[in-house]
Every structure is written in structure tokens, then in C-alpha cells.
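Heavy-atom basis, side chains included; hydrogens, waters and symmetry copies ignored. Each chain gets a letter, A, B and so on, in the order its sequence line appears, and its residues count up from 1.
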There are 2 protein chains.
Amino acid sequence: MAQSDTVDRILDAAEELFADRGFSETSLRMITSKAKVNLAAVNYHFGSKNALIHAVFARFLTPFSATLENAFDELEERCDGKPPTLNQTLWALTESAVRMPQRNEKGISIFMRLLGLAYTQSQGHLRKFLEQEYSEPFSRFMRLLKEATPQLSSVDRYWRIQFMLGATAFTMSSSDALRDILQNKLGVETTIQEIAARLVPFLAAGMQAEDAMLIPPAGSKVSVA
Amino acid sequence: MAQSDTVDRILDAAEELFADRGFSETSLRMITSKAKVNLAAVNYHFGSKNALIHAVFARFLTPFSATLENAFDELEERCDGKPPTLNQTLWALTESAVRMPQRNEKGISIFMRLLGLAYTQSQGHLRKFLEQEYSEPFSRFMRLLKEATPQLSSVDRYWRIQFMLGATAFTMSSSDALRDILQNKLGVETTIQEIAARLVPFLAAGMQAEDAMLIPPAGSKVSVA
DNA sequence: GTGCGCTTCAAACGTATGTTTCAAACAGAC
DNA sequence: GTCTGTTTGAAACATACGTTTGAAGCGCAC
């Protein structure tokens, strides 16, 4: 820990603890004792626990959304009017995430887990905060997805986007644990980049699957081309 | 609410509140006041809050895992030695879930949300409980998946299974909210069966995607067949 | 050195939580 | 009806939480 500034120490400790245990399960006392600062420092510098949660997200998300906007700009310029493909759009996103300057070796995976938690834990204030602050890059991503999958109906696309978000958020949210399991079971090391490299083709294939079939009768033998 | 038994009233209330708000965010007082029973009844009948959480899961999961075992038996018998296909395996699972006798109209979606939370909220005791009690149908499902995707390397299969779990748990865990959004934005009603009918092809396609590509250099134009 | 913001600190506050207690109410057997 | 084991009830318990307080410490201009 190079920096000795109180605010950053709190943010570092909070980020890690939130990622490990969730928001409600992490108390201010855990954070302040890990950060080696006084308990009151959180309320002094941030105002409240919820505001601290927002600050943790903002510290990563604000530069990230700027990077992402640039990546989308570059992509659309390169495509010269034609809408980018699904793969290009997904790669623009993951590359932006992976290439963010990272505070420490855990870096991106901690934050991916936080994003997963943000979606999962029903913290109303957090969802509201994220929607208010980062609606623009999100809508832009959605628009690109729409243009990249014109063959899908709105309803199909809607659900498949949810499936994509789920696979991503869920995997990222527990990627440390999953990597450990893999390490132990198969003796394989895995970087976050490699996970992304596996995830993107999975998502793209699912997104472009043949039209959803109706519910088949029990006992029918369904097969995939 | 037909039943007036205290234990069931507690379980009903707890199930719904846990699904709405998560485990840590739901207090025993919320549960007992919703169930219209005395606060002490929870500790009297279940012993602790954690034990109540386990009981909520067991009430659904025990009959479900029996149903699932039957479905797998039937499937393997029908396939007569040959390993069932990926689609058959996935459908056996979703059919078993959807056909479970449901306590009320919300039924399965509440429980799907609970399963999602179980994976996401890092409640150590819950994960331990689920692994101990329901490891058998889980391992069997994993074995069927392995036999249905012999073309995948162990590592690829491992990660893709995580992606599937993520898409499923995540979507199901917020399916009520998602359905409401869809209802409002596009005016479309969606049943849990229809979600499953969209999810399974997505998962199957992702699972059988072409081999994961390596990380492409920035600016490369990748496209999917 | 004195005075003035800003920051830290120990302590306390009020509230909410899970759990325990023990008396009252109840149900069924005899 | 009386006894007995089980279930309910109101109240209290101990603990943990987020937040607030007010004094002490600090750096720096003057």
C-alpha cells in the first residue's frame, strides 16, 4: 500500500471487503479496521455508508465509462457508417474493461464481482445511482447490440441480453473462487483475459442462436443443428 | 393462505421475503409479522435464522431433486445406453423445475430467485448445506453435461457450465422485475415457461459454440459464422 | 507563537438485530 | 376435571450496527 491518504485507504479496504462479502455483510467497523483508520472517518469523508458504496463504484466506473465511450467511438468510426458486428461490440466492451489501469494485481476481477453484486443484491440506492450516473454508455451499448442483431425480435433480443448480462455478471462475480476451483481440480491457471476470451464466443453464439423454440412436449427428442 | 400451521406460515413468509430482499436484509421480525406469528416461534421451531433458511430451501429442493432424479432416469432409459443430447439434458432439468407442484401463483419464480441468491450472496453456511444435501443430483447433471459435450476440453466445458449457471441463476433471480420491465416497455406478458423456452436454446448454442478464440489484437474484425 | 481550518480520535448514542426466558394458553390422554 | 407435554406470548437480553459528538491533534499562514 503506497498511498497513506485516508480516503484512498478506506476506498481500497471497502472495495475488497464488499467484493468478498457483499454490502450488507460488510460493516463500517470491518472497513475502518482493515484500512487502519478511525471509524468516524467514513462518515466524515463520505457522509454515509451508502455514499461510500457509491464512491467505490464511481472510482472505477467513471474512468471506465470514458474509456468505453472512446472504444465505441473508434469502433463506429472504423466501421464507417455500417453497424459494428456483435463480436466487435462485445470485444470493444471487454477490451475496455481489461485494459483499464489497475490499482493492484486483483484489479479488474474485484470490480467485476462488485458489478455482479450491484445487479444481484437488491440495494435500491445503488441501482438508482448507477442508472443516473452511467446511463449514457449503457444505452449506447444497448443500441449497438440492437443494430448488431437486426434478425432478432425485440422480445427475443431483450431476453438474450439478460442472459448475456447474467452469464457475465455471475461469472465475473465469482471468478476468483472459480479460478481457484479450476486450479485445484485441473491444475490450470486462468487469467481474467482468458475468461473473457472464452465468454465472448459463448455469448455471441447464444445471442445468435436459431429462433427460440416453443415448449416441446415431454419426451420429444430435440436436437440442435 | 389455506394452511394455518405456524411452521408453514413462517416458511411461506420467509420464502417470499428472502426472495424479495435477500437473506441478511430480511429480519426475523419482518418474517414473523408477515406470518402473523410470535417472534420466538422461529427459534422455537427452527432453532436459528440460518436453520430457517435451510428449511426454506429444503422444502422445495428435496421434492425437486427427487423429481429430477426420476426425469434423468427416464431420459437415460429412453436413450438406451447412448448418452442424452445436450438439449435433452437441459430440457429434463427445466421441465422438472416447471412441473413441480407449486404452492401459489408465484411458485417457481420465487424459488428460482432464491437459488440465484444462494449462489450470489456469499452465505457460507448455505453453500455448505446445499452441497451436503444435494450433491448427488448435481453431480449427475454434471456427468450428463460432460457426456453430451465430448468435443469440449475439460477447461472449456468447466467455464461454459459456469456461464450457463450464471445466465440461468441471474435471469431467474430477477425474472419478476425483468418481466415487469418487459410488460411496461413492450406490453408483452411472459410466463416462466416462456423464459425457459428462450433460455435453453441460448444455453445450448453457447455451450456448443465453436472453439474459444484467443484474444484477438485490438482492431481486428472478428465475425461469427 | 498564535489562531484557524481540516482531520483524527475515543466515546457515546439510538436503533435494530438474533436469541433467550418464563409464564400463560392449549390440546389430548386418562 | 386434572395432569402433561407442546406451543404461544410478551418481554427482556446481549450484541452489532450506522451515525453523531466534542475534544484533541495537526499543518500552515500571519
inquiry  = Among residues at least two apart in sequence or on other chains, which ones pass side-chain hydrogen bond (donor to acceptor under 3.5 Å, both in side chains) with A:Glu133?
reply    = none
inquiry  = Run the side chain to side chain contact (heavy atoms under 4.5 Å, CB included) test against B:Asn70 and tell me which residues pass, sequence neighbours left out.
reply    = B:Asp73
ask   = Tell me: CZ of B:Arg21 to C1' of C:dT17, nearest whole Å?
value = 13 Å
ask   = Reading nucleotides 18-25 of chain D from the 5' end, what letters show protein touch, with B for base, S for backbone sugar-phosphate only, - for no heavy atom under 4.0 Å?
value = BBBB----
Set of ring pair (Phe, Tyr, Trp, His ring centres under 6.0 Å) partners for A:Phe129, sequence neighbours left out = A:His54
query = Going by an N to O cut-off under 4.0 Å, is there a salt bridge joining A:Arg127 and A:Glu131?
reply = no
inquiry  = Distance check needed: D:dC17 P versus A:Leu52 CG, whole Å only.
reply    = 15 Å
By ring pair (Phe, Tyr, Trp, His ring centres under 6.0 Å) - contacts of B:Phe60 (at least two apart) = B:Phe64, B:Phe111
inquiry  = Can you see if the side chain of A:His45 gets near the phosphate of C:dC6 - specifically, an N or O under 4.0 Å from OP1 or OP2?
reply    = no
task = Apply side chain to side chain contact (heavy atoms under 4.5 Å, CB included) to A:Glu136 and list each qualifying residue two or more places apart in sequence or on a separate chain.
result = A:Glu69
note = From CG of A:Asp8 across to P of C:dT7 the rounded distance in Å is 13 Å
request  = In whole angstrom, give the distance that lies between atom CZ of B:Phe46 and atom P of C:dT20.
outcome  = 16 Å
task = List for me each residue that meets side chain to side chain contact (heavy atoms under 4.5 Å, CB included) alongside B:Ser65, sequence neighbours excluded, and say none if there are none.
result = B:Tyr134, B:Pro137
Extract from the structure each pairing of a protein N or O with an N or O of nucleotides 22-27 of chain C at less than 3.5 Å, listing the distance.
none

ask   = Starting at CE of B:Met30 and ending at P of C:dA16, how long is that distance when rounded to a whole Å?
value = 10 Å
ask   = Which pairs, with at least one residue in residues 27-51 of chain B and sequence neighbours excluded, count as a side chain to side chain donor-acceptor pair (under 3.5 Å)?
value = B:Asn50-B:His125
